[in-house]
Amino acid sequence: MTKRIFRSILTVSLSVLLVGILLLVAVLHGYFETRVESELESQTQYIAQGVENAGMDYFEGLSSVSRITWVDADGTVLYDSKEDASHMENHADREEIREAIAAGEGRSARYSETLAQKTIYYALRLSDGTVLRVSDTQYSVWALVAQALQPAAIIVLCACVLAAVFASRASREIVRPINEIDLANPGESVSYDELTPLLAKIRSQNREIDRQMVKLRRRQEEFTAITENMGEGFLVIDTRTHVLSHNTAALRLLDAAEAPAETSVYTLNRAAGFRRAVEEALAGRRSEQLLESEDACRQVIASPVFQDEHLSGAVLVILDVTEKEQRENLRREFTANVSHELKTPLTSISGTAEILENGFVKAEDVPHFAGNIHREALRLIGLVNDIIQLSRLDEGGFTAEWVDCDVQETAKNVLEQVGAAAEAKHVTLTLTGSPCTARAVPQILEEIVYNLCDNAVKYNRDGGSVCVRTEQTPKAALLTVTDTGIGIPESARSRIFERFYRADKSHPAGGTGLGLSIVKHGSAYLGATVSVESELGKGSTFTLQFPSEN
Ligand code: ADP
């Protein structure tokens, strides 16, 4: 801006200077021409008087700058102050002479290109009919300019320098107040009134920008609060795969340390599935991929983002589906196990029934085969009951109320139930300890204690013993079931609570493999914990612990 103002001022100054000089030269030239003409006229009239009085004698001793020519009425030159009159040609055809003979006076001017001079003639007819002509020369404008070129150049140069200095200072002075305006906070009083509307506009725009900024900041905070509280990972990328926005969950789920600005999303996770999801989304297609690692499973959902029908990036949502996948695997395993467990007794029942139907069984063997059918049917009923119990625990479908249960009383009832089985194996049952109570659902508590005592008898040696002990400590209500059975190998101890898991599949007392699963889920439902200690060949102790409410 300063440069433009400087150039404008300089151009104007120099133009004014140049035009001024030219006008001055033209005006002065015109003025001097008029002066020369009028002087020529008065000089001619003066000389004419002398010639009228003295004739040719007047010219003797006359010295004049101007050229004087005396012409006879027929045009013959009688006298010329510069040349010999006898050698001069007839002047009758000269314009000024003709005019003077005809009208008493005549004027003319002739221009010499070679000399760049203009000769002005003034002729006056005398009383005897002769004509007196006086002429004078004057330089042309350009000749004058050319003569004055050197001083003129110096003057113009000085004027240029002055104009430049003035223009520079003036432009700086003009721009300084504008530069000093604080655009972030333009004040009321400014050096130029013309800027007041502009500054008012800037002020109102600043206010609008501030308002928008506050709004944007609030939205950003809301957005961050939402995304940061999301368990799901959230990433926004542009078409160059650069991360524009992300939440902490995204980094956690992708096992990335951080997402530096302006880096590719590929640096966050190198899995092929992740790359595929991003590539698909940036090709304009929605994509879902599973990222499976040893102990976790993530689902990446990548969707393209369009703006005005042009792809502008992609949004990636990352979900932790580890549990879901584990549940899905368990469900698949469970379904396969259930089918298998149901099929075995059903095949046995069907086979035995077929033999009976075809009459291949002797009458005395019928009770034996019928007994088989009965046993397998009971096994099926037990299995179905266990599955029902487990699914109830899974879904929390118990309507029974929570009450303060007498754990010792429950244990006593259960021992009565397993009494027959214990007797058959000559297993001694004892109940010791002190009475204790736990807040629980009685039906579930009994189921848990039953499964523990049933196993303690089932997996016991002939003539062994089972001891159930209840105890109330300041921190918990405890129930332990100790047996003198076969024990559980260490490798199996962490798995015996899994559904359908059996440590020793060939053991004759083997059940459905669901008993301890019911114990585990039931305990969790009641807020209790169950643990096991065991020594192979010596026995096992299961401990059920209900935390005290206070
Ligand atoms: P099951 O119906 O086979 O008894 P459980 O879920 O109750 O199924 O038990 C799972 C496995 O744990 C059993 O198959 C058995 O191998 C082992 N087990 C459970 N309780 C005992 C115990 N008291 N002594 C030894 N092994 C046991």
Side-chain angles (χ1 to χ4, degrees), residues 330 333-334 336-345 375-394 411 414-415 417-422 424-431 444-469 479-525 528-544:
L330 272 177
E333 217 174 279
F334 185 71
N337 280 329
V338 166
S339 318
H340 177 76
E341 293 296 330
L342 286 175
K343 209 176 155 197
T344 315
R375 217 174 19 259
E376 293 299 336
L378 284 178
R379 192 168 141 73
L380 268 180
I381 291 166
L383 181 67
V384 171
N385 279 338
D386 282 353
I387 293 171
I388 290 170
Q389 186 72 10
L390 262 179
S391 64
R392 267 202 206 146
L393 286 168
D394 276 348
V414 168
L415 286 180
Q417 286 172 46
V418 298
K425 279 190 90 174
H426 310 105
V427 173
T428 329
L429 302 175
T430 43
L431 178 62
I444 299 175
L445 177 65
E446 190 169 323
E447 191 78 22
I448 292 169
V449 180
Y450 177 82
N451 276 302
L452 291 176
C453 293
D454 186 43
N455 281 349
V457 173
K458 261 195 321 193
Y459 299 106
N460 219 317
R461 60 180 165 81
D462 200 68
S465 68
V466 172
C467 176
V468 180
R469 182 182 165 80
L479 176 135
T480 53
V481 181
T482 308
D483 65 58
T484 54
I486 57 171
I488 305 161
E490 194 169 354
S491 57
R493 257 172 246 162
S494 60
R495 299 200 61 195
I496 51 173
F497 295 98
E498 287 175 18
R499 291 171 192 201
F500 293 108
Y501 182 81
R502 289 197 301 240
D504 180 5
K505 289 196 176 61
S506 59
H507 194 279
T512 58
L514 291 175
L516 285 184
S517 208
I518 292 170
V519 169
K520 183 184 155 194
H521 281 78
S523 310
Y525 188 89
T529 54
V530 61
S531 57
V532 60
E533 281 168 41
S534 182
E535 200 175 334
L536 206 56
K538 289 204 169 167
S540 314
T541 300
F542 285 82
T543 307
L544 187 65

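Atom set for the values below is all heavy atoms of this structure, side chains included, hydrogens, waters and symmetry mates excluded. Predicted, not measured: the structure shown is a model, and the values here were computed from it. Every number for a ligand or one of its atoms is a count from 1 in the order of the listing.
- In this structure the side chain of L390 reaches within 4.5 angstrom of the side chain of H521, judged on heavy atoms.
- Atom 5 (P) of ligand 1 has as its closest protein heavy atom L516 N, 3.5 Å.
- Each of the atoms 24 (N) of ligand 1 lies under 4.0 Å from some heavy atom of S540.
- Closest to atom 26 (N) of ligand 1 among all protein heavy atoms lies I488 CG1, 3.3 Å.
- Of all atoms in ligand 1, listed by their number and element, those nearer than 4.0 Å to a heavy atom of K458 are 1 (P), 2 (O), 4 (O).
- When each of L452, V530, V532 is tested with L516 by the rule side-chain contact (heavy atoms from CB on, under 4.5 Å), just one qualifies, namely L452.
- In terms of protein heavy-atom proximity, atom 8 (O) of ligand 1 is closest to G513 CA, 3.1 Å.
- The shell of residues lying under 4.0 angstrom from ligand 1, judged by heavy atoms, includes F542.
- Using a 4.5 Å heavy-atom cutoff, the side chains of N455 and D483 are not in contact.
- The single protein non-hydrogen atom nearest to atom 23 (N) of ligand 1 is D483 OD2, 2.9 Å, given as residue, atom name and distance.
- Comparing heavy-atom distances from atom 7 (O) of ligand 1 across T512, V532, V466, N455 singles out N455 as nearest.
- You'll find the side chain of T480 stays beyond 4.5 Å of the side chain of F542, heavy atoms only.
- Taking 4.5 Å as the limit, every side-chain heavy atom of I387 sits out of range of all side-chain heavy atoms of T512.
- Two residues are said to be in side-chain contact when any heavy atoms from C-beta on lie closer than 4.5 Å; R379 and E341 meet this criterion.
- The atoms of ligand 1 that sit less than 4.0 Å from any heavy atom of L514 are 6 (O), 8 (O).
- Side-chain contact between V457 and L429: present, with at least one pair of heavy atoms (C-beta onward) separated by less than 4.5 Å.
- When only non-hydrogen protein atoms are considered, atom 4 (O) of ligand 1 lies nearest to Y459 OH, 2.8 Å.
- Closest to atom 11 (C) of ligand 1, if we only count protein heavy atoms, is Y501 O, 3.7 Å.
- A salt bridge is defined here as a Lys NZ or Arg NE, NH1 or NH2 lying under 4.0 Å from an Asp or Glu carboxylate O, and K520 with E498 fails to meet this definition.
- For the pair L514 and R499, the minimum side-chain heavy-atom distance is below 4.5 Å.
- Under 3.5 Å, the side chains of S540 and S534 contain a donor-acceptor pair of N or O atoms.
- Proximity of G485 to ligand 1 is not established, as no heavy-atom distance is less than 4.0 Å.
- The protein non-hydrogen atom at the shortest distance from atom 12 (O) of ligand 1 is I496 CG2, 3.4 Å.
- For I486, no nitrogen or oxygen atom sits less than 3.5 Å from a nitrogen or oxygen atom of ligand 1, counting backbone and side chain alike.
- Around CD of E533, the count of heavy atoms belonging to other residues, nucleotides or ligands within 6.0 Å does not exceed 12.
- Contact annotation for D504 and ligand 1: only backbone heavy atoms (N, CA, C, O) come within less than 4.0 Å of the ligand.
- Contacts of A503 with ligand 1, taken as heavy-atom pairs under 4.0 Å, involve both backbone and side chain.
- The shortest separation from a heavy atom of H507 to ligand 1 is not under 4.0 Å, leaving the residue out of contact.
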